[in-house]
Amino acid sequence: MKQSDKSSSIQEHLRAIVDRMPELPGSYQFWNADGVVIYVGKAKRLKRRVSSYFRKDVDRLKTRLLVDKIADITYTVVKTEEDALLLENELIKKYQPRYNILLKDGKTYPYICVTKEAYPRVFSTRRRVKGAGDYYGPYAHAGAMHAILQLVHQLYRLRSCRTALTSEGVAEGKYRTCLDYHIRRCDAPCVGKISKEEYNMAVRQVVEILKGNTRALAKQTYAEMEACAGRMEFEKAEELKQRYLLLEGYCAKSEVVSATLTNVDVFSLTNDDDGKMSFVNYLHVVNGAVNQAFTYEYKRTLADDDADLLATAIAEIRRRHHSEAREVVVPFSTEWPVADVIFTVPQRGDKKKLLELSLMNGRQYRLDRLKQSEKLNPEQRQTRLMKQLQSLLQLPRLPMQIECFDNSNIAGSDAVAACVVYRAMKPSRKDYRKYIIREADTQDDYAQMQEVVRRRYRRMLDEGASLPDLIVTDGGAGHMSAVRQVVEGELQLSVPIAGLAKDGRHRTHELLYGTPPQVVGLSPKDELFRVLTQMQDEVHRVAISFHRDKRSKHALHSELDDVKGVGKKTQDALLKHFKSVKRVREATAEELAAVVGVAKAKLLVAHFLQAQEGR
């Protein structure tokens, strides 16, 4: 069968499936020619949703690529929209389709494990062993997990040894105490210093902390403390008081929002710059306090909208954390319901503060991941900055090579200029150039800039060197206009020109671009603005250093430097003998010959006579 006939046959097959699909909620699966599920979706109305993929006006490239690979379609009808959401989630986990949003593997994130032993242990781990215990997490930030573990070990002296303790072994005296008991880090259940019932009560309270019920536990501890004090058990009351203070201190570190918010889930969504990854932050609020926060990464392959992604993430994360909250705070409405749950999009008040806190955590997580990634691959940061600059200025190509210019002089004397070159946002010092102003009026800053730019790019054209992708002038609209007259007017080059203007305190103030120049909306706190400021500081440093060197040479210039044939050693010998240039000038030929020889004495005499006649 020909390829075109085969393609036509597949299209007819798919069209027939879509035509007989019902207008009911459900989940659909796209299969490729190899019998592999490549996409799983959900729909309120199956026929309407699936048929939308095959419209001619579909403009998303990824969607068209997906449709080209579909060889078969299957679907499952369910009773409610919520069931469609949950079924989609299950099938994504089962098939791991290539074109679906996928929860990134979190196996490297740590958990807190409470073992299922007669005398349970509590510890951190990165491995989940089925049946070994109950796991809480994963914790995206290990620091938060260690803070909770530190609180647990301060409150309850649970055992950390791996001894397989049994009630029978304890009763028979088979075990011995270890160092932890003697340094008061363990209550020694191995030798009966604490009963099994008391020990397991402490473990149950630890579990409440891990679930986020810290404030309720603090109230319970306070009530027990008062009861012990009433029974005059002051030693026990003091121990409970210290435990209560630790719990209250931990609660104070949490984000207390409102005592009326007893059990609320908060979700927010943050996307990365290229749209390939999304970060969903989840806050669990119990008794008005946020005790734990988690951020999950989702890989986006097909351009699903944010509402669908967030709905999928909510179902996944709530099930992972066994959440029973009856209210979910979200940044925007979602069409996918969850049974017995109210979705709230707050506009003000405590819930709005919670949502802002969640968004802040999501953005911080994205920033941390970006920094971590760029630390491992520095080129990624440079590419990101170049793409940002290209997008900001609407440049025709990526600014791989940027050249900056600056002039330097004092009252027109010793006028010089410098050109620094940045390749991939990093200084390329071997390509730096320094110029002595030769033709332009040393009082005219614009003319000096034009002379340097003209000399720079005429030579590059003559040598066939690659031109820059962007020219940056140290100055405002006037300098940009002067450079443009040379680059575009005289040399007929098409190179974008930008300017960095300074404020009254000589600090980089704004980025200018366009014709006529306009201020580009770039915050001084932005990383790109700081890099551009570094470029401006660098070209200023090079120009100033060159100017100082030139001025210093003039300050140290001697009349002997102008005598042809008289070098440094001869000058040193003359100055050592005669002590000054004036005495050298007044010396006779015989006196000079006695120090430096007849030949050089004649050169000196001839030079001084010519200089005298010239006056």
Side-chain angles (χ1 to χ4, degrees), residues 39-44 49 60 62-63 81-82 84-86 88-89 92-93 97 99-106 109 137-141 144 255 257 261 264-285 290 292-321 323 325-338 341-373 384:
Y39 186 73
V40 173
K42 59 185 176 300
K44 292 183 177 181
R49 180 69 184 100
R60 290 189 299 183
K62 288 184 178 179
T63 303
E81 297 161 8
E82 180 192 7
L85 177 65
L86 296 175
E88 180 206 35
N89 192 269
I92 288 175
K93 285 195 163 301
Y99 289 94
N100 273 99
I101 53 169
L102 298 173
L103 177 63
K104 201 172 178 189
D105 186 8
Y109 296 145
Y139 292 85
H141 290 87
E255 185 75 16
V257 181
L261 300 176
V264 177
D265 284 342
V266 185
F267 290 89
S268 65
L269 178 71
T270 305
N271 296 320
D272 65 1
D273 293 333
D274 57 10
K276 292 181 179 179
M277 294 295 299
S278 292
F279 307 94
V280 177
N281 178 261
Y282 165 61
L283 299 181
H284 184 54
V285 182
V290 179
Q292 296 180 31
F294 302 90
T295 301
Y296 295 92
E297 301 176 37
Y298 283 83
K299 183 179 180 182
R300 303 178 75 151
T301 52
L302 190 65
D304 296 89
D305 60 34
D306 289 349
D308 277 353
L309 190 153
L310 186 60
T312 302
I314 289 173
E316 161 72 28
I317 295 170
R318 278 174 60 88
R319 185 177 59 178
R320 177 179 288 235
H321 290 276
S323 174
R326 294 293 179 237
E327 184 176 8
V328 175
V329 176
V330 288
F332 44 78
S333 60
T334 174
E335 297 180 354
W336 296 95
V338 178
V341 171
I342 299 172
F343 283 85
T344 302
V345 183
Q347 303 300 318
R348 63 184 68 85
D350 294 333
K351 293 175 185 176
K352 179 67 172 176
K353 292 178 183 177
L354 271 173
L355 183 60
E356 289 171 351
L357 177 67
S358 177
L359 282 166
M360 181 178 69
N361 276 274
R363 289 166 184 158
Q364 185 60 45
Y365 183 89
R366 179 190 65 178
L367 182 62
D368 291 346
R369 296 292 286 170
L370 180 64
K371 287 181 178 178
Q372 180 183 0
S373 176
R384 173 175 59 84

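Hydrogens, waters and symmetry mates are skipped; everything else that's a heavy atom, side chains included, is used. Numbers here simply count residues along the sequence, with the first being 1.
Side-chain contact check for Met277 versus Asn271: every heavy-atom pair is 4.5 Å or farther apart. Side chains of Phe343 and Ile314 form a contact here, defined as non-hydrogen atoms less than 4.5 Å apart. Counting heavy atoms from C-beta on, the side chains of Phe267 and Val329 never come closer than 4.5 Å.
Closest of all the heavy-atom pairs between Lys42 and Ala84 is CB-O, 3.9 Å. Closest heavy-atom contact between Pro97 and Val40: CG-CG2, 3.7 Å. Residues Thr295 and Asn361 come closest through the heavy atom pair OG1-O, 4.3 Å. Heavy-atom minimum distance, Leu283 versus Leu354: CD1-O, 3.8 Å. Shortest non-hydrogen contact noted between Ala307 and Phe332 is CA-CE1, 3.6 Å. Minimum interatomic distance between Val345 and Ser333 (heavy atoms only, all atoms of both residues): CG2-N, 3.7 Å.
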Next item on the list: Walk me through it: do Asp272 and Phe279 pass the test side-chain contact (heavy atoms from CB on, under 4.5 Å)?
Entry: CA-CA 8 Å; Asp272 65 1; Phe279 307 94; 4.1 Å; yes
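How far CZ of Arg363 is from CE of Met360: 10.0 Å, rounded to the nearest 0.5 Å. We find the CG-CG distance between Asn281 and Leu357 to be 7.5 Å, quoted to the nearest 0.5 Å. Here CG of Leu310 is found 10.0 Å from OG of Ser278. Values are rounded to the nearest 0.5 Å. Taking OG1 of Thr334 as the start and CG of Leu269 as the end, the distance is 11.0 Å to the nearest 0.5 Å.
Arg326 meets the side chain to side chain donor-acceptor pair (under 3.5 Å) test with no other residue; sequence neighbours excluded. Applying the side-chain contact (heavy atoms from CB on, under 4.5 Å) test to Ser323 and every residue at least two apart in sequence or in another chain returns Asp265, Tyr282, Arg318, Ala325. Applying the side-chain contact (heavy atoms from CB on, under 4.5 Å) test to Ala43 and every residue at least two apart in sequence or in another chain returns Tyr28, Leu46, Arg49. With sequence neighbours excluded, the residues satisfying side chain to side chain donor-acceptor pair (under 3.5 Å) with Glu327 are Thr344, Lys351. Shown here are the salt bridge (charged side-chain N to carboxylate O under 4.0 Å, His left out) partners of Arg319, two or more places apart in sequence or in another chain: Glu90, Glu316. Considering only residues two or more places apart in sequence or on other chains, Ser268 meets the side chain to side chain donor-acceptor pair (under 3.5 Å) condition with Ser358.
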